[in-house]
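Below is a structure I'd like to ask you about.
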Amino acid sequence: MTTMPDSSPHDDFGQYLTVLPGWQQFVESTTSTTMTVLTTNEYDALSKEEKYDYDEDRLDHHARLQVVATSTVRRTVTCGRRLTVLNRGAISARRGLIVTGPANTGKTIALTQLGLAHELQDRRRHPGQDERIPVIYITVPPAATPRMIAAEFARFLGLPVLRSSNITDLTEAVVGVCTKARTSLVLVDEIHNISLQTRTGADASDTLKYFSERIPATFAYAGIDIEDSDLLTGTRGDQIAARFTAVDTHPFPYNAEWKALVAQLEANLLLHQHKPGTLTRLDRFLHTRTGGMIGTLSHQLRGAAVDAILTGTEKITKAGLLAVDLDIASRRKRPGTDG
């Protein structure tokens, strides 16, 4: 199981993956020591201030999204790494990846875990070359223009984005840095914010395509229900569809993988009075309540864990889970479900 960083969310750059220092912090913290639960005697021996700090560290731990190597994550990493190897010798028409599916089904998790795996592999292949920037991670702003896309690349790299900077200036600066820094994987999240039905959206799509032609890297996108969107329609859409492989995300059915997912998340809890196996016995209840959505499940368990620390109960119960409000989407009736 891979967990997210244990550094304080108040550290510089925090969890802002869309800037290079934040991304590097995310990568480097995955190898940090995992926090463990103190015994009753160890906890009682702490001073008041030490108990406060310890509890705050536990709250921070549960506040972060705990990443589990689901089948979707494994498939995304495998497919993405395959493409990066195949694209090493490509001069043009490099192939890419699109992670697509309903909201709250783990697309961003899968995309960032691909980036993590790629960066760690690149560091192993090129030790000591700190000037390398193997991975770029950006999100597409709503109603993105070509200049906004270029600006997102520039901000990740720490390049100045001035009012006087036109798209040509930004593009050339980004391509220059990426080429020099040997960027080999570009992650583009929220790709559904680009619509080919508008001139601006079509131009933004062309800008991404231009970057993919100028930067010798594999491009991986993530977005909501891309295969059913207009991003793959028309001439531009046909070009994308011909060059990109899709990995679909979906709600998890109630099966062995769901049970293992709940068990792994339970094992990551840092609560003094929680009895192991409590949540695995509630795995069907959790599936019904969350609709198999991994994002909703994570929110439920982390929220209940935070409540358990703040109230002093130090354990998660069914009542505690019910006290954590669901997101609106999870409360809607789904096809084939009751109520």
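Quick caveat, the model's predicted, so the values are computed rather than measured. Note that the numbering runs from 1 along the sequence shown for the chain.
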- Message: Keeping Asp230 on the side-chain end and Leu196 on the backbone end, is there a donor-acceptor pair under 3.5 Å?
- Response: yes
**Asked** Under 6.0 Å between ring centres, would you say that holds for Tyr137 and His118?
**Response**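 Not under 6.0 Å, so no.
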- Task: Quick one: do Asp189 and Tyr221 satisfy side-chain hydrogen bond (donor to acceptor under 3.5 Å, both in side chains)? Show the steps, please.
- Result: CA-CA 6 Å; Asp189 211 345; Tyr221 300 158; over 6 Å; no
Is Leu265 close to Leu297 at the side-chain level, that is, under 4.5 Å between some pair of heavy atoms?
->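 A side-chain contact exists here, since the closest heavy-atom pair is under 4.5 Å.
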- request: Please answer whether the main-chain N or O of Asp206 pairs with a side-chain N or O of Arg236 as donor and acceptor at a distance below 3.5 Å.
  value: no
Is there side-chain contact between Ser212 and Arg94, with at least one heavy-atom pair below 4.5 Å?
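Heavy-atom side-chain distance check fails, nothing below 4.5 Å.
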Discussion item. Regarding Gln121 and Arg124, do their side chains bring together a donor and an acceptor under 3.5 Å, going by distance alone?
Written reply: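 Side chains of Gln121 and Arg124: pair found under 3.5 Å.
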So for atom CZ, which belongs to Arg182, do other residues, nucleotides or ligands contribute more than 12 heavy atoms lying within a distance under 6.0 Å? no
Atom pair CG/CD of Leu116 and Glu28 - distance to nearest 0.5 Å: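 Spacing of CG (Leu116) from CD (Glu28) equals 11.5 Å.
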Ser165 side chain to Val161 main-chain N or O, any donor-acceptor pair under 3.5 Å?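 Judged by distance alone, no pair lies under 3.5 Å.
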Less than 4.0 Å between a side-chain N and a carboxylate O, is that true for Arg58 and Glu314? yes
Expected output: side-chain His62 to main-chain Ala305 donor-acceptor under 3.5 Å: no
- Task: Please check if atom CZ in Arg199 has more than 12 non-hydrogen atoms from other residues, nucleotides or ligands closer than 6.0 Å.
- Result: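 Counting other residues, nucleotides and ligands, CZ of Arg199 stays at 12 neighbours or fewer.
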Do Met148 and Leu187 sit in one hydrophobic cluster, given that two such residues count as connected whenever their side-chain heavy atoms are within less than 4.5 Å of each other, even indirectly?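 Each belongs to a different hydrophobic cluster.
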Between the main-chain N or O of Tyr254 and the side-chain N or O of His287, is there a donor-acceptor pair closer than 3.5 Å?
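Yes.
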Here the gap from Glu119 atom CD to Arg132 atom CZ, rounded to the nearest 0.5 Å, amounts to 10.0 Å
Would you call Ile136 and Leu157 a side-chain contact if the rule is heavy atoms closer than 4.5 Å?
yes
| task | Treating Ile, Leu, Val, Met, Phe, Trp and Tyr as nodes and any side-chain heavy-atom pair under 4.5 angstrom as an edge, say whether Val175 and Val188 lie in one connected cluster. | result | yes
Ile98 versus Thr245: any side-chain heavy-atom pair under 4.5 Å? no
For Phe211 and Ile149, the nearest pair of non-hydrogen atoms, with its separation, is CE1-CG2, 4.4 Å
Strictly distance-based, threshold 3.5 Å: is any side-chain N or O of Thr171 a donor or acceptor partner for the main-chain N or O of Thr168? no
- [ ] Using the side-chain contact (heavy atoms from CB on, under 4.5 Å) rule, take Val135 and Thr183 through it: C-alpha gap first, then chi angles, then the decisive distance, then the call.
- [x] CA-CA 6 Å; Val135 178; Thr183 300; over 6 Å; no
Within this structure, what is the CD1-NE2 distance for the pair Ile309 and His272, rounded to the nearest 0.5 Å?
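If we round to the nearest 0.5 Å, Ile309:CD1 and His272:NE2 are 8.0 Å apart.
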task: Would you check if Arg289 and Thr296 make a side-chain contact, meaning some heavy-atom pair closer than 4.5 Å?
output: no
message: Within the structure provided, determine whether Leu231 and Ile191 are in side-chain contact (heavy-atom separation under 4.5 Å).
response: yes
Measure the spacing between CD1 of Ile294 and CZ of Phe252 and express it to the nearest 0.5 Å.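 Ile294 atom CD1 to Phe252 atom CZ measures 5.0 Å (nearest 0.5 Å).
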Exercise for review: Output yes when a side-chain donor or acceptor of Glu266 lies under 3.5 Å from a complementary backbone atom of Gly277, and no otherwise.
Suggested key: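 Indeed, once roles are kept as given, a pair shorter than 3.5 Å links the two residues.
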- Minimum side-chain heavy-atom gap Asp203-Thr198 below 4.5 Å: no
*Whether Tyr54 side chain and Leu38 backbone form a donor-acceptor pair below 3.5 Å*: yes
**Asked** Out of curiosity, Ser229 OG to Asp225 CG, how far, rounded to the nearest 0.5 Å?
**Response**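 So the OG of Ser229 and the CG of Asp225 are separated by 8.5 Å.
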Problem - Within 6.0 Å of CZ in Phe285, more than 12 heavy atoms from elsewhere - result: yes
- Task: Ignoring hydrogens and angles, tell me if any N or O in the side chain of Thr112 forms a donor-acceptor pair with the backbone of Ile109 under 3.5 Å.
- Result: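 Confirmed, Thr112 side chain pairs with Ile109 backbone.
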Requested in this report: Before accepting this row, confirm whether a basic side-chain N of the pair Glu172/Arg214 lies closer than 4.0 Å to the acidic partner's carboxylate O.
Outcome: yes
* Asked: Within the distance-only criterion (no hydrogens, no angle test), does the side chain of His192 pair as donor or acceptor with the backbone N or O of Gly223 below 3.5 angstrom?
  ->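 Answer holds: no.
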What do the steps show when you test Asp57 against Met35 for side-chain contact (heavy atoms from CB on, under 4.5 Å), and what is the final call? CA-CA 8 Å; Asp57 287 342; Met35 184 179 179; 3.7 Å; yes
Between the CD atom in Gln24 and the CG atom in Asp130, the distance rounded to the nearest 0.5 Å is 8.5 Å
Exceeds 12 heavy-atom contacts within 6.0 angstrom, atom CZ of Arg284 = no
Check whether any side-chain heavy atom of Leu282 lies under 4.5 Å from a side-chain heavy atom of Val262, and answer yes or no.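 With C-beta onward as the side chain, the pair stays apart.
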Item to complete: Give a yes-or-no answer on whether the side chains of Glu257 and Ser71 include a donor-acceptor pair shorter than 3.5 Å.
Response: yes
*Looking at Lys51 and Asp55, does any basic side-chain N land under 4.0 Å from a carboxylate oxygen?*
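Looking at Lys51 and Asp55, the cut-off is not met.
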Are Thr249 and Val99 close enough, and set up right, to give a side-chain contact (heavy atoms from CB on, under 4.5 Å), and what steps lead you there?
CA-CA 7 Å; Thr249 64; Val99 183; 3.7 Å; yes
